[in-house]
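A short write-up of the structure that comes next.
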Amino acid sequence: MSANVENFPGTPLSQADFDEGKILTTHWKPKLEYGWDAGVAISRYLAELKNGRIIGIKCSRCRSTVVPPRVVCEWCWEPMDDWVYLKDTGTVNTFSICYIRWDASRAKEPQIPAVIEIDGASKGAGILHLLDEVNADDVTIGMKVQAVWKPADERTGAITDIRYFKPT
Amino acid sequence: MAMRKVAVVGAGMTKFMRRAQETGRELAFQASRMALDSCEMTLDDIDAVALGTAPDAFDGLHMKGEYLSDGAGAWHKPYMRCYVGGGTGVFAAIQGWYHVASGLFDTCLVVCEEKMSSCMPHPQGAFLTIFDHTTERALKPNLIWIFALEMNRYMTMHGIEKKDIALVAVKNKRNALDHPCAQLAANITVEDVLNSEVLAWPVQRLDISPTSDGAVAIVMAAEHVAKRITDKPAWVRGVGWSLDTAYWTSRDLYYPKYVEYAARMAYDMAGITEPRKEIHVVEPYDPFDYKELHHLEGLLLADKGDAPRLTAEGVTARDGNMPVCPSGGMLGVGNPIAAAGLMKISEIFWQLRGEAGKRQVPGQPKTGLAQSWGDLMQVGCVMILGV
């Protein structure tokens, strides 16, 4: 049937259609605000970040230690409540060198987002964060990194209490 | 399980466009009407409607299922909207399949629509909301981060170079030159890809599919109805879907295990034991060039890390031993998210019926597979059709 159809429906618009005022468009900018409760497991995680520590949680059944902490083991579907302090060091699992911001606008200086496996957690258990104090070209998968914390009096109980990770 | 045989009997689609004059409901109507016309059916012949469309945030419309319902022909019929992010297109077809396979309905119209151009300045802004609000969003991530992180992990684990991956973009955009609905068909070279703007290394401009407006619809029918409608029904031989952990930073991104689980479910249902011999044409999900390779491996159609070699050797070309994305894929035809997944099923439908025109793969394929992928890089959906 596809081969027998000459004209598929749909009318692509061009910039000229807008310039010539042919297209009528209504704009709306929503003003929405949300307040997200951190919940049981993440509240403790954030409180410990404020203390300058990374905390994970261990499943008493399969012994997996994960971070960020959560109340249920995704493998065993058992409650998790065995809190474990982890180190603030880890290994780069993967990374990117990013020139675009969240809204697709362009940045001159790249950011280096990375998945960092945290020392003390089970192999492969990582968190999303940023790398800095390193030349983007020098970053490698497997690189050892360490958290750079905000000063204690500036910490608010947020993932951004860790400013970034830097090579050890 | 006593399941009825189900066939795809008709398909329709709009052009895929950067920005369409039509609204989402108008696009949905155009595709749905074309699908019904293609098999000489009317809306009266349709027992139920399944709709797929991506986050409401793209359109700035809450309850998009209801919004699109008139265009999708859903009024006064059992109607459902489903959503698994990028995986929605094939997932919606799976909903249509079990509506009919269950015996509850004899026919089901499956409609997928996306109008991403409404979100200003770029739908990237809406994608931000897929990240965890407390532990991730404060870092101001963008969607391309997770693709770049996954692509880098995939490349590093297997020692794959960017030029090996760029071949997929070259192939798919070239295939799309033969697709009348294509948005980004082009004759480009590996050098063009490697020289294109770096967005989030290793992801560059030409590694990515565009944002698009468009709609696709298919008609599904039970055996006794299908045989009345057409002498070329494309039977649904197998379906599979699987979800992995939402803690994506704790999953090894180099291999999509959830795609393998979905594929194994579909192969088992279809009685396929040697997929590399028994699948003749493939439409894996290719929003990025590396994803086609990643998914071929997850679908067990290539060994881990070996899909780039198959591409380089021409195995996946339209006239190769295992044509992959003969449509031009999302890289070439475009990526109106839910509609792009259903486009892949339409392409398999047309290929198996020998109706794909200039895109037709040689050798009269008997069995084809379409796959979509999405949510937080964690869902795989597979449908196998056969004639």
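The analysis underlying the following values was restricted to heavy atoms, covering all of them including side chains, and did not include hydrogens, waters or symmetry mates. In what follows, chains carry the letters A, B, and so on, assigned in the order in which the sequence lines appear, proteins first and then strands, with residues in each chain numbered from 1.
Only the side chain of His27(A) comes within less than 4.5 Å of a heavy atom in chain B; its backbone stays farther off. There is no contact between Pro30(A) and chain B, counting heavy-atom distances below 4.5 Å. Of the atoms belonging to Ile144(B), it is side-chain heavy atoms, and not backbone ones, that fall under 4.5 Å from chain A. Only the backbone of Val67(A) comes within contact range of chain B, judged by heavy atoms closer than 4.5 Å. In this structure, the portion of Ile42(A) lying under 4.5 Å from any heavy atom of chain B is its side chain and not its backbone. Both the backbone and the side chain of Met13(B) have a heavy atom closer than 4.5 Å to some heavy atom of chain A. If you measure heavy-atom distances from Ala114(A) to chain B, the contacts under 4.5 Å come from the backbone alone. Only the side chain of Phe18(A) has a heavy atom closer than 4.5 Å to any heavy atom of chain B. At a 4.5 Å heavy-atom cutoff, the contact between Glu197(B) and chain A is made by side-chain atoms alone. Contacts of Arg359(B) with chain A are made by side-chain atoms alone, with heavy-atom separations under 4.5 Å and no backbone atom involved. Neither the backbone nor the side chain of Ile112(A) comes within contact range of chain B; no heavy atoms are under 4.5 Å apart. If you measure heavy-atom distances from Ala158(A) to chain B, you find no contacts under 4.5 Å at all. If you measure heavy-atom distances from Phe147(B) to chain A, you find no contacts under 4.5 Å at all. For a residue to count as touching a neighbouring chain, one of its non-hydrogen atoms must lie under 4.5 Å from one of that chain's; by this rule Arg18(B) does not touch chain A.
Listed options Thr245(B), Ile146(B), Thr135(B), Thr134(B) were ranked by heavy-atom pairs under 4.5 angstrom with chain A; first place goes to Thr135(B). When each of Trp28(A), Trp36(A), Tyr34(A), Tyr99(A) is scored by its heavy-atom pairs under 4.5 Å with chain B, the top score falls to Trp36(A). Chain A forms more heavy-atom pairs under 4.5 Å with one residue of Ala200(B), Gly60(B), Ser346(B) than with any other, namely Ala200(B). Comparing Glu136(B), Lys358(B), Arg153(B) by how many heavy-atom pairs each has under 4.5 Å with chain A, the most go to Arg153(B). Between chain B and the residues Arg106(A), Lys29(A), Lys22(A), the most heavy-atom pairs under 4.5 angstrom are made by Arg106(A). Options Asn7(A), Ile97(A), Thr25(A) differ in how many heavy-atom pairs under 4.5 Å they form with chain B, and the most are formed by Ile97(A). Most heavy-atom pairs under 4.5 Å with chain B: of the set Thr160(A), Leu128(A), Ile23(A), Ile159(A), this distinction falls to Leu128(A). When the candidates Asn152(B), Leu253(B), Thr14(B) are compared by the number of heavy-atom contacts under 4.5 Å with chain A, Asn152(B) comes out ahead.
By the neighbour-count criterion of 12 heavy atoms within 6.0 Å, atom NZ of Lys162(B) is densely surrounded, having more than that number from other residues, nucleotides or ligands. Heavy-atom contacts from other residues, nucleotides or ligands closer than 6.0 Å to CG of Asn135(A) number more than 12. The 12-atom threshold is exceeded at CZ of Arg44(A), counting heavy atoms of other residues, nucleotides or ligands nearer than 6.0 Å. With a 6.0 Å radius and a threshold of 12 heavy atoms from other residues, nucleotides or ligands, Arg33(B) has its CZ atom at or below the threshold. Around the CD atom of Glu40(B), the shell of radius 6.0 Å holds no more than 12 heavy atoms that belong to other residues, nucleotides or ligands. Atom CD of Gln364(B) is surrounded by 12 or fewer heavy atoms from other residues, nucleotides or ligands within 6.0 Å. Heavy atoms from other residues, nucleotides or ligands lying under 6.0 Å from OH of Tyr261(B) number 12 at most. A 6.0 Å sphere centred on CG of Leu24(A) holds no more than 12 heavy atoms belonging to other residues, nucleotides or ligands.
Of the possible polar contacts, none joining the Lys140(B) side chain to the Arg101(A) backbone as a donor-acceptor pair under 3.5 Å is found. A donor-acceptor distance shorter than 3.5 angstrom exists from the side chain of Asn142(B) to the backbone of Ile100(A), with no hydrogens or angles considered. The backbone N or O of Gly126(A) lies less than 3.5 Å from a partner atom in the side chain of Thr249(B), making a donor-acceptor pair.
Using a 30° and 60° split on the angle between ring planes, Phe95(A) and Trp201(B) fall in the parallel class, below 30°.
Between the side chains of Glu22(B) and Thr11(A), at least one donor-acceptor pair of N or O atoms lies under 3.5 Å.
One finds the OG atom of Ser250(B) at 7.0 Å from the CD atom of Glu74(A) (value rounded to the nearest 0.5 Å). Here the OH atom belonging to Tyr254(B) is positioned 14.0 Å from the OG1 atom belonging to Thr94(A), to the nearest 0.5 angstrom. Here CD of Gln21(B) is found 7.5 Å from CG of Asp17(A). Values are rounded to the nearest 0.5 Å.
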When you look at Phe8(A) and Gln30(B), which way does the side-chain contact (heavy atoms from CB on, under 4.5 Å) test go after all the steps?
CA-CA 9 Å; Phe8(A) 282 80; Gln30(B) 289 176 333; over 6 Å; no
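The shortest distance between side-chain heavy atoms of Pro9(A) and Lys15(B) does not fall below 4.5 Å.
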